[in-house]
Amino acid sequence: MLHRYPPQHGSQCTNLISIGKRLNFTQQLKNDNSEIQSIVDARSQFPNLNRQDHRDNRIIYLDNAATTHKPQLVIDSLVNHFSNQNANIHRGIHTLAIEATSHYEESRRKVQQFINAREESEVIFTSGTTAGVNLVAQTFAQQQIRPGDEILISILEHHSNLLPWQQLAAQKGAKLKVIPITACGELDMPSLERMLTSRVKILALTHISNSLGTINPIRDIIKMARSQGTYVLIDAAQSVGSYPIDVQDLDCDFLVFSGHKMYGPTGIGVLYGKAELLQAMPPWQFGGEMIRSVQIEKTVFAAPPHKFEAGTPPIAQAIALGAAIDFIGQVGLEHIQAQNQALLAYGTELLAEIPGLQLVGKARHKSAIISFMLEDIHPHDLATILNQAGVAVRAGHHCTQPLMESLGLPGTVRASMAFYNTYEDIDQLKQGLLLAKKIFT
Amino acid sequence: MLHRYPPQHGSQCTNLISIGKRLNFTQQLKNDNSEIQSIVDARSQFPNLNRQDHRDNRIIYLDNAATTHKPQLVIDSLVNHFSNQNANIHRGIHTLAIEATSHYEESRRKVQQFINAREESEVIFTSGTTAGVNLVAQTFAQQQIRPGDEILISILEHHSNLLPWQQLAAQKGAKLKVIPITACGELDMPSLERMLTSRVKILALTHISNSLGTINPIRDIIKMARSQGTYVLIDAAQSVGSYPIDVQDLDCDFLVFSGHKMYGPTGIGVLYGKAELLQAMPPWQFGGEMIRSVQIEKTVFAAPPHKFEAGTPPIAQAIALGAAIDFIGQVGLEHIQAQNQALLAYGTELLAEIPGLQLVGKARHKSAIISFMLEDIHPHDLATILNQAGVAVRAGHHCTQPLMESLGLPGTVRASMAFYNTYEDIDQLKQGLLLAKKIFT
Amino acid sequence: MDQEELNKLYDDSILQENRQPYHYGKMPDADLTLEAYNPICGDQFKLFLYTDEDSIKTAYFHGYGCAVSKASTSVLTRELEGCTIEEAKAKCRDFLNWLSEGEGAKVNAPNSWESFAAVRDFPGRLSCAQLAWETIAKEL
Amino acid sequence: MDQEELNKLYDDSILQENRQPYHYGKMPDADLTLEAYNPICGDQFKLFLYTDEDSIKTAYFHGYGCAVSKASTSVLTRELEGCTIEEAKAKCRDFLNWLSEGEGAKVNAPNSWESFAAVRDFPGRLSCAQLAWETIAKEL
Ligand SMILES: Cc1ncc(COP(=O)(O)O)c(C=O)c1O
Ligand SMILES: Cc1ncc(COP(=O)(O)O)c(C=O)c1O
Ligand code: FES
Ligand code: FES
């Protein structure tokens, strides 16, 4: 067996606050005249939560770290765009084009306010987190990095925030350095401090680990990076929509995230970048809409954000991302966060009761992601059994192969909750795991 | 005035076949038990055709070259995915992930069959035409092009099939050569033959000009390129979905198009590439899903198509593109094509009746795009007046600035039809133009 | 079809300024030449200023643009003459404010501007009216 | 919850092969070592073959994988012994055919394969059963 998961030093890790009785799922959220008055109301907005499997069991969806379900408001936004609006944006002066353009740009403003960017032009629509990291690596970093420079990442990174840097380092003769983690799955801060020297040109760090749930203290780390003159890109794929993000307060240079992980559609994401950096960066893709003037001999590019939005953008998806932000506003980010934390506490306590279950990742600050192993049952066998028990989880390396290798694990089972999950969902997860134990012994 | 549009040599240009009486819009398409029995049936599938403006006039949409409207089948596909399926694909073994993966890959097969690619793995999902061209320019061409090599395009190209090559040529010290057009707006074939030497490494050519409607004889040109050892990329943004495309018959190396111009959603496109070329090409973006194995020191990439689909792809949009192909199959591509040609003939004849109207682009083979100038009224003034008259057209350079400059025009007004447009739509266009004349004289 | 809005935009004064613009022509010996380029459509005017000490004696313009931009540049050209550079910039800022904020903008709008108020109902054409004024406000 | 399908996949025979696989261990002096890597999960087995002339005398395997892949590799290992290289490859092609096409495939399926028929109801796990067989069919 490959299991070499490091021994747990209990004292450093999660101190489970016993949840006593369950946080009231039906609690009142607001008294205003919003449609959404409670988590139950909010939950009713997600049609896919009623989806049944081929045995007519409701599918319990605990794979939210892969992608979240979509509320009706987001689905309706797509339908409305394609049914009543549909036009290509910019440079159009007919009614539909003007409407589509104004909704698209309005969505940019919603994102700007949601992450508190200083200017609208700091918000660039991309096709997702992966595209955002690649954009920065292939433009900004491409110009900044010199042979011998260091690029710093952590062992927690998703492949999307690892491969672009690995590739760039190889191409430039730069060094890719990797911050290790402690036995609990937290960033090893002494190592980080040692590694974060002025030789590090760029630090690319995830806010929340999609595999272990660890929430990194990015605000402090960005401050440290600033003092070394290091640029910082934050992978916020797992945090935007679940935790408040204020890019001005964080003072990061770049921040990337995906619409589909925050109740929005696939095919859309955001790159936030500081205005002065975006202005100085070369474009990434070339095509329609990103120009000021084109001649065969010479092209003058438009200013950000358009410079980075070549071709017809994902118009409907950008508008629907705005709807997702509206939805989050209706529920209240503070309620989403509280519910996530309650589900995490409940789930952690409940699973700990199962003999032979080993939690993977016990950081003190965690998002609602529970990774685990059960005895020596292979994660995929567990996931198959859970699926038959009506519970959708993910198994494997979660696009963090180096992390798994460093943990000596072939992968984990990952149950990831969203605020619309319930305690009963987690009870069912436990039942499925007990069934797996029965089958395998 | 800048009007230096070259004199027309009538004999070389369109020979208008007088349409006599209108092709019957309500004609029966099929007798099978498909839902869609006639063009009227097909038309009823597009909710946005009923959209009204703020004066309660139905908006007549003649901006199809920018983006087409979406049939209910496509909208329903998106709704169904997000309401009943929604999961991230690949590497998932729960029911939803398996379903989503299988629908996503099924859509790839639909595209394969639709363009008659030899293998599924030759179909790469992108975010659109622009991304497809950039992918090829920044990977394949990046490796192929040496200083002094030539890259050949035409003056008809959309910025998206011009800028990536202009950029690459500048970066590599290669020469960007540009095939001119004749007075009718057709490729100047003697020039093309002269320019297409063995020094040309890559020919990047549009199938159909989005500004003039010219249909280029790409099959013959590709044959000529083959004999010089020149690789060929075809920009089929304006043709796929309106005209049959058979990549094996064409024998092009690459072909790119966008979903949103063929009744599909925004945010999705396709790059077709020959298997052996795709295998040898380096990846473009790096991230999740495009790997075989990842270590900090070294990554092994997956085979095509996954090698080129980094990160969470536009899942719902790819599936909806499959629905768009289904829809086209239900109507019948031959009927779509015939209807387009009938509308073109009718529109060309009708507009020619307006004194002072000058058609821009009179190629013998044209798609349903009519570009024109009316006296010396500025295209944007015309478009504004037409919009008030309930007719949505586009005005300007249509992302073909060098073409406009070569024509000595500041831009044109472009009316672009889809098969669901009617003769009455074009009648209304004429009324709007007559109104404009009245206002301006 | 309701033609009222249209008639407001393309009213006699705008059509007239478009047909017979004020001081339309090149002035190669100008002290100051500015370029007003609209990237949305690719239209472009050159503005030629002939100054004496700090004030604009004569202004000309030349180039290509739609009726709205041509009329608005024509009006601007006429109104620039006699202004100091600072007055010219202030006037342009006033025009832009008045155009975007309507009567709410505390600006003394001369009659010559009135026709352009209709542009507010045509968001796609706002940049046409702003073009030359913005160039003076930002680049002079 | 309907456990029937589950019990078919995780039946006694698969669980038994998983718990006590045949010839599980490293064989460093093998003439032929193949690697069966499943990129979907990252699982990996090494296949060790000890040949004599053209036939496989002894086979071992070692590595990490799920119950299904381990059981299927165990069954394969047992069945490889005594085959010539060609017979081994043919057998693996038969297994893969039988697995994907079901009883329709005109293949003589031994009893030892029967348990794997259940994998057909678990499309996400097909590659687990195929893994080692595919490696022999393609890479031997
Ligand atoms: C001929 C042609 N090429 C390329 C494009 C660019 O397509 P997209 O904007 O969807 O990337 C277009 C559409 O605008 C086009 O008409
Ligand atoms: C932490 C993290 N980074 C990056 C990504 C990649 O996001 P996407 O696949 O949407 O590009 C993910 C999601 O899988 C993630 O969880
Ligand atoms: S359309 Fe170009 S300035 Fe008005
Ligand atoms: S899950 Fe890896 S081989 Fe079965």
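In the text below, chain A, chain B and the rest are named by the order of the sequence lines, each starting its count at 1. All heavy atoms count here, side chains included; hydrogens, waters and symmetry mates do not.
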Item to check | Side chain to side chain, B:Asn84 and A:Pro47, heavy atoms closer than 4.5 Å | outcome: no

Checklist outcome for this item: The interface call for A:Ala131 against chain B, heavy-atom contacts under 4.5 Å, is both

Checklist entry - Are A:Thr95 and B:Arg51 side-chain neighbours, meaning at least one heavy-atom pair lies under 4.5 Å? => result yes

Next on the checklist: With chain A as the partner, which of B:Ile75, B:Ile268, B:Val74 has the greatest number of non-hydrogen pairs under 4.5 Å?
Outcome noted: B:Ile75

Checklist entry - Could you give the distance from CD1 (A:Ile296) to CD (B:Gln401), rounded to the nearest 0.5 Å? => result 11.0 Å

Checklist entry - Side chain, backbone, both or neither: which part of A:Thr68 has a heavy atom under 4.5 Å from chain B? => result backbone

Item to check | Selection from B:Asp53, B:Thr312, B:Asn50, B:Val79 maximising heavy-atom pairs under 4.5 Å formed with chain A | outcome: B:Thr312

Next on the checklist: At a 4.5 Å cut-off on heavy atoms, which part of A:Asn134 comes close to chain B: side chain, backbone, both, or neither?
Outcome noted: side chain

Checklist entry - Heavy-atom distance under 4.5 Å to chain B: side chain of A:His380, backbone, both or neither? => result both

Item to check | Contact leader toward chain A among B:Asn48, B:Ile155, B:Asn387, where contacts are heavy-atom pairs under 4.5 Å | outcome: B:Asn48

Next on the checklist: So for A:Glu297, is it side chain, backbone, both, or neither that comes closer than 4.5 Å to the heavy atoms of chain B?
Outcome noted: backbone

Checklist entry - chain A: which of B:Asn88, B:Leu96, B:Ile291, B:Thr129 shares the most heavy-atom pairs with it under 4.5 Å? => result B:Asn88

Next on the checklist: What's the separation between atom NE2 in B:His90 and atom SG in A:Cys399, rounded to the nearest 0.5 Å?
Outcome noted: 11.0 Å

Checklist entry - At a heavy-atom separation under 4.5 Å, does B:Gln52 approach chain A through its side chain, its backbone, both, or neither? => result neither

Next on the checklist: Among residues at least two apart in sequence or on other chains, which ones pass ring-ring contact (aromatic ring centres under 6.0 Å, His included) with B:Phe286?
Outcome noted: B:Phe301

Checklist entry - Which residue pairs pass the side chain to side chain donor-acceptor pair (under 3.5 Å) test when at least one of the two sits in residues 158-167 of chain B, sequence neighbours left out? => result A:Thr299-B:Gln166, B:Thr130-B:Ser160, B:Glu157-B:Asn161, B:His158-B:Ser160, B:Asn161-B:Trp165

Next on the checklist: Under 4.5 Å from any heavy atom of chain B, what part of A:Val133 do you find: side chain, backbone, both or neither?
Outcome noted: neither

Checklist entry - Just checking, any donor-acceptor pair under 3.5 angstrom between side chains of B:Arg91 and A:His397? => result yes

Checklist entry - Contact part of A:Asp63 toward chain B, heavy-atom cut-off under 4.5 Å: side chain, backbone, both or neither? => result side chain

Checklist entry - In Å and rounded to the nearest 0.5 Å, what is the OG to CD distance from A:Ser293 to B:Glu405? => result 9.5 Å

Checklist entry - So what's closer than 4.5 Å to chain A heavy atoms on B:Ile315: side chain, backbone, both or neither? => result both

Checklist entry - When rounded to the nearest 0.5 angstrom, what is the spacing between CZ in B:Arg394 and CD1 in A:Ile93? => result 9.0 Å

Checklist entry - Do you know which of A:Thr384, A:Ile59, A:Asn64 has the most heavy-atom pairs with chain B at a distance under 4.5 angstrom? => result A:Ile59

Checklist entry - Taking A:Pro283, A:Pro164, A:Ala97, A:Ala137 one by one, which has the highest count of heavy-atom pairs under 4.5 Å against chain B? => result A:Pro164

Next on the checklist: Working to the nearest 0.5 angstrom, can you tell me the gap between B:Ser83 OG and A:Gln72 CD?
Outcome noted: 5.5 Å

Checklist entry - Just wondering, do A:Thr266 and B:Pro313 contact through their side chains at under 4.5 Å, heavy atoms? => result no

Next on the checklist: I'd like to know if the side chain of A:Gln138 and the backbone of B:Trp284 have a donor-acceptor N/O pair within less than 3.5 Å.
Outcome noted: yes

Item to check | Criterion side chain to side chain contact (heavy atoms under 4.5 Å, CB included) on B:His94 and A:Tyr61, from CA distance to verdict | outcome: CA-CA 9 Å; B:His94 59 75; A:Tyr61 188 71; 4.1 Å; yes

Checklist entry - Who wins among A:Pro265, A:Ser127, A:Gly128 for the most heavy-atom pairs under 4.5 Å with chain B? => result A:Pro265

Item to check | Residue part contacting chain B, namely of A:Ile89, when any heavy atom lies under 4.5 Å | outcome: backbone

Checklist entry - In Å and rounded to the nearest 0.5 Å, what is the NE2 to CG distance from B:His81 to A:Leu78? => result 10.5 Å

